[in-house]
Amino acid sequence: MISETAKILYPSVEKLVKEIVAVNHAWKVACELFGQDSPLSISSRDLKTCLQVRLLRSYAPEQVYLIEDKNAEGEPLYSLRLQKPIGGRLDAEHLPMRVAEEVLADKELQQFKKI
């Protein structure tokens, strides 16, 4: 049986994906209500990035991997693609490539991309 502390320290891939999706929705709503430069918008965006990095460092490349989303408009984006669907989802939202290059080491980027 997993202790409550272990559940907090080592969340499941399912829990992290749910949190990422929820925070992404909150970020979009904050941007609509208060603008992209509001403290709530910036905090939500940064929290989403932190959760995505945690997901990658904990479960890539076996359960999640980075792949360029060639259909995305605007700046280049990675999709955090799931090996198996979670809650009907095949990804854990997008991560701009410039952000990934800032928060991940080159070695991690190479490790997290699907070969």
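For the single chain, residues carry numbers from 1 onward in sequence order.
- Ion pairing between K48 and D46 fails under the 4.0 Å rule for side-chain N and carboxylate O.
- Open room surrounds CD on Q36; 12 or fewer heavy atoms of other groups in view lie less than 6.0 Å from it.
- Interatomic distance, L47 CG to I20 CD1, rounded to the nearest 0.5 Å: 9.5 Å.
- With rounding to the nearest 0.5 angstrom, the CZ atom of F34 is 13.0 Å from the CD1 atom of I42.
- Across I67 and R81, no two heavy atoms sit closer than the pair CG2-NH2, 3.6 Å.
- When every heavy atom of V23 is checked against every heavy atom of S44, the shortest pair comes out as CG1-O, 3.3 Å.
- At distances below 3.5 Å, not a single donor-acceptor pair connects side-chain atoms of S58 with backbone N or O atoms of L55.
- Put simply, V99 and V64 are part of the same group of oily side chains (I, L, V, M, F, W, Y) that touch within less than 4.5 Å, one to the next.
- When hydrophobic clusters are built by joining Ile, Leu, Val, Met, Phe, Trp and Tyr residues whose side-chain heavy atoms come closer than 4.5 Å, directly or via intermediates, L16 is grouped together with V103.
- Cluster membership for L51 and L109, using ILVMFWY side-chain heavy atoms within less than 4.5 angstrom, is shared.
- At a threshold of 4.5 Å between side-chain heavy atoms, the hydrophobic network of Ile, Leu, Val, Met, Phe, Trp and Tyr places Y65 and V17 in two separate groups.
- Electrostatic pairing of E19 and K15 counts as a salt bridge here, judged by a charged N lying under 4.0 Å from a carboxylate O.
- With hydrogens and angles disregarded, no donor-acceptor distance shorter than 3.5 Å links the side chain of Q110 to the backbone of K107.
- No side-chain donor-acceptor contact under 3.5 Å links Q63 to the backbone of Q83.
- When every heavy atom of F112 is checked against every heavy atom of L104, the shortest pair comes out as CE1-CD2, 3.9 Å.
- With rounding to the nearest 0.5 angstrom, the CZ atom of R57 is 12.5 Å from the CD atom of Q52.
- Between the side chain of S41 and the backbone N or O of G35 there is at least one donor-acceptor pair closer than 3.5 Å.
- If you chain together hydrophobic residues whose side chains sit under 4.5 Å apart, I86 and L66 fall into the same group.
- Smallest separation of non-hydrogen atoms from P96 and L77: CA-CD2, 3.5 Å.
- In this structure, CD in E93 is found 5.5 Å from NE2 in H25, a value given to the nearest 0.5 Å.
- The OH atom of Y10 sits 9.5 Å away from atom OG of S3, with the distance rounded to the nearest 0.5 Å.
- E32 contributes atom CD, which lies 12.0 Å from atom OG of S38 (distance to the nearest 0.5 angstrom).
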